[in-house]
Structures are given as structure tokens and as C-alpha cells.
Amino acid sequence: MSTRIAFLKGHGTENDFVIVPDPENTIDLPPAAVAALCDRRAGIGGDGLLHVVRSAAHPEAGSMAAEAEWFMDYRNGDGSVAEMCGNGVRVFARYLQRAGHVTEGDLAVATRGGVKAVHIAKDGDVTVGMGRAVLPEGDVTVSVGERSWPARNVNMGNPHAVAFVDDLSHAGDLFSPPPFSPAAAYPDGVNVEFVVDRGPGHVALRVHERGSGETRSCGTGACAVAVAAARRDGADPTATGAPATYTVDVPGGTLVIIERPDGEIEMTGPAVIVAEGEIDADWLETATSV
């Protein structure tokens, strides 16, 4: 390991990430190292970490290298591995643009949730093709204190439980994962979204992301919410033949979600790089050995 490691900091609707460029996959980032870097008091701070690797150089992404040169090796803030992060993909694309690897227009990004189509617009917004939602059968319930709500089970490459509530304060502090049942519905944990209506085609959410706690935004969560809202509202595009568009307010900003009649979902929103610098490798080694 070199004495210093390059990093950047970025966010998408205030869902923030430590970005570690490592094209040839030479930097060892065990869970403890990721957690140390994402620590908001003793590290750089972030909801997660974007490890930027060429697909051909990563054992989990080699099969996608023909479709996508770059692999988003995404980690949650606690160091655990995650399948996908919608806001993370937008920030990942913005980094690739900043580094000169791509320009405005279309590109493909490999993730553990598959290859994602991305478009970087001239106005700065980034659109990500999020794929199709999977709606597993079976009833799910989520709880906060003495309150419980039915939730829609939506999988966007990662699992979500979407609960419509009367007031976002009913979600509580979201420091701990909201209890859910049955346990078999989410054997690896779940992202839980609490949702209120703001108007026709317009909702707002708060979210607990597994491995990160409450975050300012969750891209896959916004998509899951739009899918659940469309079914609730009788606007399922696969049934009506018309696209469903929802504006989704998150604590850190606004995302626009479109679900098309073929089931494909697109998410559009901002992506910002705010800083870059170097990580002291000696500090990282010490932080991860504690």
C-alpha cells in the first residue's frame, strides 16, 4: 500500500460517499477500513464508499467487462457489501466525467445489481436506468414503537419495504433498523421507506438504509417508492400502457422517477463532487487495527 491514497467526496441529493479511485483493484479495502473512512467524526465521513475499479480487474465484474468498462464496487457505511446504490451510480458517473474517463452522454456502469445505463446531461443532472422492479409475493409489516403498517415488498436489485404513513415523524429517529415481519421476507436485512403524499404524482420519504441508518436520500428507495405508489394509485404502467412519473422528495433534495410500460425505471437527479485529497495510509492502518 502506498503512503497516501487518493480519494474524493461527493453526494447525490445529500446521500454522500467517499470515492476511492483504484482502476487496477490494487487497494485492499476490508470492512473495517471502509467503516473507518465513512466515520463522520474520526474519518472522512459518508453514507457509503464508491470503490472505482475497471470491470476487467475485479473478480465480481469480469463477466460484465465487455458491456461496461467501470465497476462500482459499492460498500455501505458499516463496511458491508451492497448490491446497488442509485445515488451512488450518479456520483460514480460524475467522478468518471471529472477524471476524464467519460464525457457528457451515455455510458454503462457495472454493479453487483447488473450493468446500469447512465446518461450525463448537459444541465448536470444524471439519469440512471435502474432496471425493473421485482415485487415478491406475501404480506410484510414494518413497525416503529407501538405503530405498525403494511409495507410493499419491492426489490430494486436490493430489498425495500415501502410503508405509506400519515406523517413522516411516525418513522421515529431511524437510528436502528425498524422491525419487520415475517423475518423470512428479508433474510439479509432491508431498506425501509416511510412515505407521505405531497400531491398527485408527488410523494416524500424518509429512509433507513441497512448498514447506514437514516440517510438524506436513497436512489433505489425512491424508485421502490414510485413503484409502490403507482400500484397503490392504479397507475401500474405495465397494466395501463402509459409511463408513470413520480416526483420524490427526499431530505436532501428531489428525484424524478419514471417507470415505463416495459417495466424499465429511470431515475434523474443531481450529482456533485465536493472535494478531493489523500488518505494517510498509516492512519488507515491504525484505524483498522483498533
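For reference, positions follow the sequence shown, starting with 1.
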Indicate the atoms forming the closest heavy-atom contact of [X] with [Y], along with that distance.
X	Y	value
Val154	Ala228	CG2-CB, 4.5 Å
Ala108	Glu67	CB-O, 3.5 Å
Gly12	Phe17	N-CE1, 4.5 Å
Glu14	His11	N-ND1, 3.0 Å
Leu8	Pro21	CD1-CG, 3.7 Å
Pro243	Pro237	CA-CB, 4.3 Å

Inset, instruction - Side-chain contact test, heavy atoms from C-beta onward, threshold under 4.5 Å: evaluate it for Thr245 versus Ile257 and give yes or no. - result: no
Legend entry - Heavy-atom check, side chain of Val52 versus side chain of His101, under 4.5 Å: no
Check whether any side-chain N or O of [X] sits under 3.5 Å from a backbone N or O of [Y] as a donor-acceptor pair, and report yes or no.
X	Y	answer
Asp123	Asp125	yes
Ser148	Ser143	no
Arg210	Asp188	yes
Asn155	Val134	no
Arg54	Glu24	no
Thr215	Cys218	no
Arg90	Pro270	yes
Asn76	Gly79	no
Lys9	Gly45	yes
Ser212	Glu209	no

Inset, instruction - Establish, yes or no, whether a centroid distance under 6.0 Å links the rings of Phe92 and Trp70. - result: no
Please tell me whether [X] and [Y] have a donor and an acceptor in their side chains that are separated by less than 3.5 angstrom.
X	Y	result
Thr220	Asn158	yes
Asn87	Ser217	yes
Thr13	Asn15	no
Tyr246	Asp233	yes

Do [Y] and [X] meet the salt-bridge criterion of a basic N to acidic O distance under 4.0 Å?
X	Y	answer
Arg112	Glu83	no
Arg132	Glu259	no
Arg206	Glu214	yes
Arg75	Asp73	yes
Asp16	Arg40	yes

Inset, instruction - Keeping to residues at least two apart or across chains, list the salt bridge (Lys or Arg N to Asp or Glu O under 4.0 Å) pairs with something in residues 153-177. - result: none
Inset, instruction - Using the side chain to side chain donor-acceptor pair (under 3.5 Å) rule, take Thr26 and Asp22 through it: C-alpha gap first, then chi angles, then the decisive distance, then the call. - result: CA-CA 7 Å; Thr26 60; Asp22 183 23; 3.1 Å; yes
Inset, instruction - Report the residues that fulfil salt bridge (charged side-chain N to carboxylate O under 4.0 Å, His left out) with Glu104, sequence neighbours left out, ordered by chain and then residue number. - result: none
Inset, instruction - Output the distance between atom OG1 (Thr254) and atom CG (Asp249), rounded to the nearest 0.5 Å. - result: 4.0 Å
Legend entry - Interatomic distance, Met72 atom CE to Leu50 atom CG [nearest 0.5 angstrom]: 6.5 Å
Inset, instruction - Kindly state each residue pair satisfying ring pair (Phe, Tyr, Trp, His ring centres under 6.0 Å) with at least one member in residues 27-64, sequence neighbours excluded. - result: His58-Phe71
Inset, instruction - Determine, using the 4.5 Å side-chain heavy-atom cutoff (strictly less than), whether Val140 and Val195 are members of one ILVMFWY cluster. - result: no
